[in-house]
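Because only heavy atoms are used, hydrogens play no part in the values below, and waters and symmetry mates are left out as well, while side chains stay in.
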Amino acid sequence: MTPLVQVDGLTRRFDISKPWLNRVLERESRQFLTANADVSFEIKKGETFALVGESGSGKSTIAKMIVGLLAPSEGRIHFDGQEMDFASGANMRALRRRFQMIFQDPFASLNPRWRVRDIVAEPIVTFGLLQGADVAREVDRLLEVVGLSAADAAKFPHEFSGGQRQRIAIARALSSKPEFIVCDEPTSALDVSVQAQILNLMRDLQDEFGLTYLLISHDLSVVRHMANRIGVLYLGRLVEVADAKRLFLEPQHPYTRMLLDAVPDLALSGRRRKPVLGEIPNPIDPPSGCAFHPRCPLAQDICKADTPQPSVTPTGQAACHFAGKIGEVA
Amino acid sequence: MTTDTQSRVARVWDSDIMWSFRHSPVAIVAGLVVLLIALAALFAPWIAPTNPYDPSQLNLMDGFTPPMEANAFTGNSYILGTDNQGRDVLSTILYGTRISLFVGISAVLFAMVLGITLGLIAGYRGGWVDGLLMRIADVQLSFPSILIALLIFGVARGLIPPAYRETMAIWVLIVAIGLSDWVQFARVVRGATMVEKSKEYVQAARVVGAHPVKILIRHILPNVMGPVLVIGTIGLALAIIAEATLSFLGVGVPPTQPSLGTLIRIGQQYLFSGEWWILLFPSIALLALALSVNLLGDWLRDALNPRLR
C-alpha cells in the first residue's frame with residue numbers, strides 16, 4: 001500500500017545574508033541557515049504521525065513545506081502517489097482540497113474582520129464545492145460537528161475563547177473534506193484544561209472521517225496521547241522514527257532518551273528528573289559530524305567526524321552511530 | 001426589519017469609536033463644524049444670497065461694499081461685504097468652499113487608492129518590487145510635497161492644449177495633490193501588510209490556494225484600514241491647505257471658479273488699501289475647515305490607538 005504522504009530528502013535552507021551592499025563592503029560571503037536537512041519519512045493512511053523536537057529544530061518548517069507555504073530547497077513530497085508541485089495550478093487544485101492545516105495560535109488564525117460563517121466557508125468557496133444556501137447549511141453542520149452551535153456562524157472571532165476558536169479552525173479545516181490534516185502545535189496556545197478537549201475532538205474526528213494527521217508538537221504528553229508513530233527532530237534532522245508506544249519505553253537515540261528523561265514525572269514514581277544538558281546549537285554554524293555530539297553523553301571521536309545515516313532499529317530507525325547499542329555503550 | 005435596523009443603529013452608537021466620540025468635546029465641536037461647512041458647501045446654490053458667478057446678477061457699482069453697510073452708490077448691503085467686482089463675499093465663500101472641499105476630498109481619495117494599492121503590493125510581494133516602490137517613496141519624501149505638486153502641475157499644463165486648460169485645471173490640481181501625497185498611505189499600508197501577511201489566517205488562505213489578489217483585498221485590506229482612515233482624515237486637511245496654497249500662488253483653479261485659496265489671493269491685494277473683509281472672511285473659513293478636519297483626525301488617531309484607551 002502506498003503511504004498517503006511520502007517525504008524524501010526534504011531540505012530547506014534560508015538565505016540570511018546581509019544585503020548585497022553590506023556584503024560587498026564588509027567582504028562577507030552569503031550565509032545560509034539550514035532549517036531542515038535530508039528529512040525522509042512516510043505517513044500511512046489513517047495514522048497520526050508526530051514530529052517532536054525542541055524550539056528551532058525545524059518542526060514547523062517541515063509542516064509548512066508539506067502544505068506548500070514554503071518551497072523546499074531540495075527533496076520531494078508525494079501525496080497519495082502524486083508528486084506535489086505547488087507551481088502547477090490545475091493539478092495542485094485537486095490535491096490541495098485533500099489536505100488542510102490547523103495552526104498554533106487560534107487568535108491569529110481567524111481573520112478578526114470575518115464572521116465565523118465566512119471563515120469556515122472559505123475552503124468550500126475557494127474550491128467551489130457548494131453553492132448558495134448549501135454553503136450556509138454545510139457551515140452550520142460543521143460547527144455542530146466540532147461542538148459549537150449553528151447560531152455561532154453569525155458571530156465574530158473575538159466573541160469566542162481560545163478553545164472555541166480552535167474548534168472554528170478545525171471546522172474550517174474539515175470543510176473541504178480533506179484526508180490529511182497538518183496540525184502545527186494545535187494545543188500549545190491553549191489552557192491545559194482545554195487542550196484535552198481539543199485533542200479528544202481531533203481523535204473523534206479522525207475515527208469518524210478516517211483522517212490522517214501530521215502532528216507537530218514539543219509536548220511529549222500530547223504526542224503520547226495522539227500519535228501512532230513519532231519522529232524526533234534535532235537541529236533539522238530526523239534522528240529517530242519509532243512506533244509511539246515503544247519510543248517511550250525503548251528510546252534508541254541518545255537525544256530521544258535525554259528528552260524523555262526531562263519529562264516531569266506526574267506519576268510521582270520517585271524517578272529523578274534529569275535536566276536536558278546544554279542547548280540546541282546555532283543552526284547557522286552546526287557542529288561537525290553528528291549535530292548532537294557536543295551534548296551527547298555517549299559521544300566518541302567518530303561522532304565528530306561522520307554524520308550518521310539512519311539505520312534500522314528494533315522499533316523503527318535511528319540516525320546514530322551507536323543505534324541499537326546504547327545499552328552497551330552506556 | 002425595523003428591529004434589525006434599530007439594533008444596528010444601537011450597535012454603532014454603543015461601539016467603542018462612538019463612545020470615544022461622545023466623550024470628546026473637541027471631537028464633537030470639530031465634527032459639528034465640519035458637518036456645517038460641508039452642508040453649507042453642498043447646498044451653496046440654495047443657501048447663498050447671490051450667485052457670484054452669474055454676470056447678470058453682478059453690479060460693478062457694488063464693489064468694495066464694507067460688511068453690514070449700505071453701498072454708497074446703490075444702497076445695497078451685504079453681511080460680509082463685497083469684493084472688487086461687487087461679488088457678495090459670503091456667496092463666494094460658500095461656492096469657494098465647495099471647490100476646496102471637492103478638490104481636497106478627490107485628491108485624498110486619489111492618493112488613498114494609489115497609496116493603498118502600491119503599499120499592499122510592496123508589503124505582500126516584498127523583494128525588489130518593495131525595494132523599488134519604497135525608494136521612489138523615499139525620493140519623493142525628500143522634496144516638499146507642494147514642490148512636487150507644482151512640478152506635476154507645470155508638466156500637465158505643458159501637455160494639455162490651451163483650449164482645455166480652463167476645464168482641465170481642477171482635475172490637474174487633484175492629480176497633482178494626490179500624486180504628492182500617496183507616499184504616506186503607501187508606507188503605512190506596506191508596514192501593516194507585512195505584519196498581517198505573516199499571520200496565520202493569511203497562511204490558512206494560502207494553504208487552500210486562494211489567489212493573492214483575493215487574499216490582499218478580502219483578508220489584508222480590511223485589517224489595515226484603521227491607520228489609513230487616520231492618515232486620510234489628516235491628509236484631507238493637508239490637501240485642502242495644499243489646494244489653497246497652489247491657488248494662492250496662482251497655479252490652482254482658474255479665477256472663473258475660485259476656491260478659498262483664490263479668494264485669499266484676490267483679497268490680499270486689497271488688504272493695505274483698507275478693504276480687509278475680502279481677505280479676512282475667506283481666511284477664517286479656510287482656517288475653520290482645516291483646523292476642524294485636523295482635530296477630527298487627531299481624535300480618530302487616539303480613538304483607534306488601543307494603547308491610549
Checklist line | Among the listed options A:Val125, A:Asp184, A:Asp105, the residue most often paired with chain B at heavy-atom distances under 4.5 Å | finding: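 If we count pairs closer than 4.5 Å to chain B, A:Asp105 comes out on top.
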
Checklist line | Qualifying residue for side-chain contact (heavy atoms from CB on, under 4.5 Å) with B:Leu179, from B:Ile174, B:Ile148, B:Ile152 | finding: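 Per the side-chain contact (heavy atoms from CB on, under 4.5 Å) rule, the option paired with B:Leu179 is B:Ile152, out of B:Ile174, B:Ile148, B:Ile152.
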
Checklist line | Salt bridge flag under 4.0 Å for residues A:Arg98 and A:Glu179 | finding: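 Salt bridge: yes.
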
Checklist line | salt_bridge(B:Asp130, B:Arg190) N-O dist < 4.0 Å | finding: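 Counted as a salt bridge, because a side-chain N and a carboxylate O are separated by less than 4.0 Å.
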
Next item on the list: Using the ring of A:Phe14 (Phe, Tyr or Trp, six-membered ring only), decide whether A:Arg12 places NZ or CZ under 6.0 Å from its centre and within 45 degrees of its axis.
Entry: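 So A:Arg12 does make the cation-pi contact.
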
Need one label for [X]: side chain, backbone, both or neither, based on atoms under 4.5 Å from any heavy atom in chain B.
| X | result |
| --- | --- |
| A:Phe107 | neither |
| A:Arg97 | neither |
| A:Leu110 | backbone |

Checklist line | Centroid-centroid distance, B:Trp171 to B:Phe153, less than 6.0 Å | finding: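 Ring-ring flag for B:Trp171/B:Phe153: false, centres at least 6.0 Å apart.
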
Notebook entry, point to check: chain A: which of B:His211, B:Glu196, B:Lys214, B:Gln203 shares the most heavy-atom pairs with it under 4.5 Å?
Noted result: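 Of the candidates given, the most pairs with chain A belong to B:Gln203.
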
